[in-house]
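Reckoned from all heavy atoms, side chains included, excluding hydrogens, waters and symmetry mates. Every chain is numbered from 1, with letters handed out A, B, ... down the list of sequences.
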There are 2 protein chains.
Amino acid sequence: MNVNTREKIIAVASDLFYEQGFEATSFLHVASRLGISKGNLYHHFKSKDALLNAVVGFRLSETANMLQHWEGASTGPQERIKHYINIVIQNWDKIRVFGCPVGTLSNELVKRDPENKDAQKVFALFRVWLRQQFTEIGESDKADEYAMRVLSWSQGVAVLGSAFGDFIYVKREVTAMCIWIDELHRSDTANSANERNN
Amino acid sequence: MNVNTREKIIAVASDLFYEQGFEATSFLHVASRLGISKGNLYHHFKSKDALLNAVVGFRLSETANMLQHWEGASTGPQERIKHYINIVIQNWDKIRVFGCPVGTLSNELVKRDPENKDAQKVFALFRVWLRQQFTEIGESDKADEYAMRVLSWSQGVAVLGSAFGDFIYVKREVTAMCIWIDELHRSDTANSANERNN
DNA sequence: AACACAATAGGACGGTCGTCCTATTTTATA
DNA sequence: TATAAAATAGGACGACCGTCCTATTGTGTT
């Protein structure tokens, strides 16, 4: 296998699945954007489902790399959570037009097969990582609940922001989310101070 | 035009667009579920886009009827907002499998044409109605912000709940949303009491 | 240099799609 | 009842789909 070509195919397919949706993207779309033939593409992936699996794996490793990068560069768990929250602003140009890449693909995959676990994999990766950040803040009891709230809040903002094309609204909600994170931190340090005084 | 047949077509198309997505639903699917011919369907709708427009209009009027029904039966704006919040529980069996009908169609339409306003129409209807409820509560300054927050929170819960197939999580978030509404109400009546005492 | 195999191109295949066309049946009106 | 219009059925059409097959080119190993 020519790994280089294979990886190019996966990257282009990931983009097209995001921009057009999985169903609406054909082998010919992927091949022609790469300047290769449909037969060549089929040599690397024996079915469209195989290509989808590769794209999901590609997105998982991309996401894992991003999370790992945040681990190294950030000063604390609050800052790391804010990195996630700010994605919707960083990628606004694409989210406005195509929605959230994770949520829209999840929607499509769940409709294809409600039992398929691929739909939740990237969400699950973010969930575990966010849960860890909230645990480090000191919210271990509610870490998973808060992780899910960050996920759903961001997801909702992406959907509504895209539907209305309203960047002002998106920025306002991102600010509100960051304030919520800061308040969690403050009440936590306050509790810690109280505990220390007892 | 046979209005009866036309309305049956729209209702079935709305269901199929929800269950399979717009792109994945063909004229043959709609016709065969109704037991009519493809040619007959094309007699009533001269293109797939015309059918889509009719479905969007149908959903708008259905939504308007639901909102109007809540106006008559509920005791106050808080109860009416909670009616909206509880939709995700009422319709969980379908939302788990197919996601939110408004959000998933919006995603698809925005990808087809980012400038198309149909994608936001049902959201906009809920938005105006929710804004009115928050205004009646006494939160006129933040009525639109709160309306959008209810929309996005619910939307996020629908997406994540569907992705993970987790009804426990959905119920927990619905409870949290209702508590938030109650707290808004309490702080409002508290403010009113303070104002009366001054 | 000879050879095995990966990589690539190009097209055939059966199927489905949206659209359109033409008959036939039903319905409403004069 | 006669007739025009609406409703319905059924299929033709070109296009595109995922899949598969074959032939050709490139590449690395013996």
Do the numbers put Lys48(B) on top of the ring of Phe22(B), so that NZ or CZ is under 6.0 Å from the six-membered ring centre and no more than 45° off the axis? yes
Quiz item: cation-pi between Arg149(A) and Phe134(A), 6.0 Å / 45°: no
Of the candidates dT19(D), dT8(D), dA9(C), the side chain of Phe27(A) sits closest to dT19(D)
Considering only heavy side-chain atoms of Ser37(B), the closest of dA9(D), dA6(D), dT19(C) is dA9(D)
Is there a side-chain polar atom (N or O) of [X] under 4.0 Å from OP1 or OP2 of [N]?
X	N	answer
His44(B)	dT8(D)	yes
Thr5(A)	dT8(C)	yes
Ser26(B)	dC17(C)	yes

Find the distance [X]:[atom1] to [N]:[atom2] and express it as a whole number of Å.
X	N	atom1	atom2	value
Leu16(A)	dG18(D)	CG	P	12 Å
Gln20(B)	dC17(C)	CD	C1'	14 Å
Tyr42(B)	dT22(C)	OH	C1'	15 Å
Leu28(A)	dG10(C)	CG	P	12 Å
Lys48(A)	dC16(D)	NZ	P	15 Å
His29(A)	dG18(D)	NE2	C1'	13 Å
Asn4(A)	dT27(D)	CG	C1'	15 Å
Phe22(B)	dC17(C)	CZ	C1'	12 Å

Walk me through whether Asp118(A) and Arg59(A) qualify under salt bridge (charged side-chain N to carboxylate O under 4.0 Å, His left out). CA-CA 11 Å; Asp118(A) 283 349; Arg59(A) 291 193 183 183; over 6 Å; no
So for Lys38(B) and dT16(C), does any side-chain atom that can act as donor or acceptor lie under 3.5 Å from a complementary atom in the base? no
Indicate, with a heavy-atom threshold strictly under 4.0 Å, whether Leu41(B) touches base, sugar-phosphate, or nothing. nothing
If hydrophobic clusters are built from ILVMFWY residues whose side chains come within less than 4.5 Å, do Leu105(B) and Val110(A) share one? no
side-chain contact (heavy atoms from CB on, under 4.5 Å) for Glu136(B) and Gln132(B)? Distances and angles first, verdict last. CA-CA 6 Å; Glu136(B) 290 183 20; Gln132(B) 174 63 22; 3.0 Å; yes
The residue, Thr25(A) or Ile36(B), whose nearest nucleotide of DNA chain D is more 5′ is Ile36(B)
